[in-house]
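Below is one structure; the comments refer to it alone.
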Amino acid sequence: MNSTQGGDPFATHLLQWFDVSGRHDLPWQHPRTPYRVWLSEIMLQQTQVRVVVPYFERFVAALPDVGTLAAAPLDDVLALWSGLGYYARARNLHAAAQLCAQRHGGELPRDFDALLALPGIGRSTAGAILSQAWGERVPILDGNVKRVLCRMHGVEGWPGLPAIEKRLWAIAEAHVHGVPADRMADYTQAQMDFGATLCTRHDPACMLCALQHDCVALREGRVEELPTPKPGKPLPERHALALLLHDAQGRVLLQRRPPTGIWAALWSLPEHTDHDQARAWYSGHIGDGYDSAEALDPIAHGFTHYRLTLQPLEWRGAALGASVRDDDGLRWVARDELRSLGIPAPIRSLLERRLP
DNA sequence: AATTCGGGGCA
DNA sequence: TGCCCAGAATT
C-alpha cells in the first residue's frame, strides 16, 4: 500500500522516478516558501537552471521576502537581475511585490485568480506556485511538460499553436487528478526534472525511462519527431527569367555565372529579374523578337535560404549580334558539350528536355 | 494570432 | 549562426 496507489500510470511512474532520480537539492526547495518558489519560477522563465541558481542565491540573500522586495528601489532589483535578461520579468516582479503589499497583506496570495492578476504570472507560473508552495492540485504547462506530454500521448503539431496548447492543458489537467493529494509539489517538480534531464529534446534516455511503457512516441518510433518543431519562417521567394536561346545549328546559349553567390562560376542560362531587364539584354545581344518567346513551364528550386522560381523563355534560330561575340561570359554550346560543363542540375534537366 | 522581451548554451 | 530554454504581456 504505497502513497501513489490509485493514481494513473503517468503520475505513479513519474513520482517513482522522481524519488530516485529527481532533483531534490535546488536552492528554492530549501526552504520551499511561496516567495522563493515564485522568485525561482520567474527567473526560470526561458532561462535554464544552471544559469538561474547563482542569481537566485544572490537575490534571496539581498531581498529575502515579499516585503523587502516591495520596499526595495527598482534599481536594486534590476541590479540583482543584471545578466539574466528579460528585464521585464524583474520590473513585473517588483510591481507584483508592491501589489502584494497593498492587496494581500504583504504576502503572495494563495489563490489562482489573484496570482494570475499579478504581473509576470501566467497560468503555468500560477500553477507552479500553488502546487509547489501549497501542494494544491493545479497543473503546469511549461516547455518541459509540453515535450513530455507530446511524446507520451503522441500529440502532433507544434506545441506553440493555440489548438495544440489547448489539448496539452486538457491532458495536464487530467493527469493532475491522478496525483496523490500529498504529492503535488513533488509531481510538479518531477515533470520539470523529467523533461530537463531524461526526456530531453535531443537524445532522450528512453532506455532508462520509467514511463517507457506508457509512451506513444517510443512505441511508434517517433521520439525524434515529437514534439513537432516550430515551423520555420517561410523561405523568401525569388523569381527570375531564364533565357533559353537556340541558334540555327541547334546549339544553346549559356552564360558563366558570377564568381560568388548561388551557382558561382557555373554555366547557366542568361538570367534576369524581370521582363524590362530581359528585354533590354535581348535587344543589345540578339536584336528584335523578344516578344516571340515561348514561355516554358516554370522551374522551382529550393535553397537553404530561399526558394527560386525560374521562368524559362525560349527562342529558336537566334544569333548573337556581331558586337558581342567577344563577350567572354557567353558561349554557344552543343548538346554533346553539356556533360563536360558545370551546369546547375535544374538547368541541365531543362536543357536535356529541350535539346532532343 | 503574431510579435516582443533578450541572455546564455549548444549543435 | 540559428535554435532552444521552468512564458507572459502586448498589439
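Only heavy atoms go into these numbers, but all of them, side chains included; no hydrogens, no water, no symmetry mates. Order of the sequence lines sets the chain letters (A, B, ...), proteins ahead of strands, with each chain counted from 1.
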Check your understanding: Pick the nucleotide of DNA chain C nearest each of A:P119 and A:D142; which residue has the one closer to the 5' end?
Key -> A:D142

Exercise for review: For C:dC3 versus B:dT3, give the span between their P atoms, rounded off to a whole number of Å.
Suggested key: 15 Å

Practice item. Applying side-chain contact (heavy atoms from CB on, under 4.5 Å), run through A:E271 and A:R257 and close with a yes or a no. Key: CA-CA 9 Å; A:E271 194 177 301; A:R257 295 186 57 83; 3.1 Å; yes

Revision key, fill the gap. So, with a heavy-atom separation below 4.0 Å from DNA chain B, the residues of residues 42-50 of chain A are A:Q46, A:Q48, A:R50

Check your understanding: Closest nucleotide of DNA chain B for A:Y55 versus for A:H202: which of these residues is on the 5' side?
Key -> A:Y55

Review point. A:Y86 has an atom OH; how far is it from atom P of C:dA8, in whole Å?
Key: 12 Å

Practice item. Describe the nucleic acid contact of A:G195 in one word from base, sugar-phosphate, nothing, applying a heavy-atom distance below 4.0 Å. Key: nothing

Check your understanding: Is there a donor-acceptor pair under 3.5 Å between the side chain of A:R36 and the backbone N or O of A:P27?
Key -> yes

Check your understanding: Is there a side-chain contact between A:T47 and A:R89, using heavy atoms and a 4.5 Å cut-off?
Key -> yes

Exercise for review: For A:W28, report the nucleic acid contact type (base, sugar-phosphate, nothing); a contact means any heavy atom under 4.0 Å.
Suggested key: base

Review point. Rounded to the nearest Å, what distance is computed from the CG atom of residue A:L141 to the C1' atom of nucleotide C:dA8?
Key: 13 Å

Exercise for review: With P as the reference atom in both, quote the distance from C:dA6 to B:dA2 in angstrom, rounded to an integer.
Suggested key: 23 Å

Check your understanding: Under 4.0 angstrom, heavy atoms only, what part of the nucleic acid is A:I140 near: base, sugar-phosphate, or nothing?
Key -> nothing

Review point. Around atom CG of A:D297, are there more than 12 heavy atoms of other residues, nucleotides or ligands at under 6.0 Å?
Key: no

Review point. Looking at A:Y55, does the NZ or CZ of A:R58 lie under 6.0 angstrom from its six-membered ring centre and within 45 degrees of the ring axis?
Key: yes

Exercise for review: With sequence neighbours left out, write down each residue that passes side-chain contact (heavy atoms from CB on, under 4.5 Å) with A:N144, or none if nothing qualifies.
Suggested key: A:D142, A:R147, A:M192, A:A196

Point to revise | Value in whole Å for how far the P atom of C:dC4 lies from CG of A:N144 | key: 14 Å

Check your understanding: Could you give the OH-to-P distance, from A:Y87 to C:dG7, as a whole number of Å?
Key -> 18 Å

Practice item. May I ask you to check whether A:W315 and A:Y290 place their ring centers less than 6.0 Å from one another? Key: yes

Check your understanding: Can you tell me if A:H30 and A:D25 form a side-chain donor-acceptor pair at under 3.5 Å?
Key -> no

Check your understanding: When you match A:A196 and A:L118 each to their closest nucleotide on DNA chain C, which lands nearer the 5' end?
Key -> A:A196

Study note, to complete from the structure: The first and last nucleotides of DNA chain B lying within contact of chain A, meaning any atom under 4.0 Å from one of its heavy atoms, run from B:dA1 to B:dC10

Check your understanding: Mind checking the C1' distance from C:dA9 to B:dG8? Whole angstroms is fine.
Key -> 23 Å

Review point. Under 3.5 Å, side chain of A:E314 to main-chain N/O of A:L245, donor-acceptor pair present?
Key: no

Check your understanding: Contact class for A:R91 (heavy atom, under 4.0 Å): base, sugar-phosphate, or nothing?
Key -> nothing

Practice item. Using only side-chain N and O atoms of A:T125, determine if any of them is under 4.0 Å from OP1 or OP2 of C:dA8. Key: yes

Study note, to complete from the structure: A:W158 atom CH2 is separated from C:dC5 atom P, nearest whole Å, by 11 Å

Check your understanding: Under 4.0 angstrom, heavy atoms only, what part of the nucleic acid is A:E165 near: base, sugar-phosphate, or nothing?
Key -> nothing

Check your understanding: Of all the choices, C:dC5, C:dA6, C:dG7, which nucleotide is nearest to the side chain of A:R201 once you look at every atom?
Key -> C:dC5

Point to revise | Heavy-atom check, side chain of A:F59 versus side chain of A:L69, under 4.5 Å | key: yes

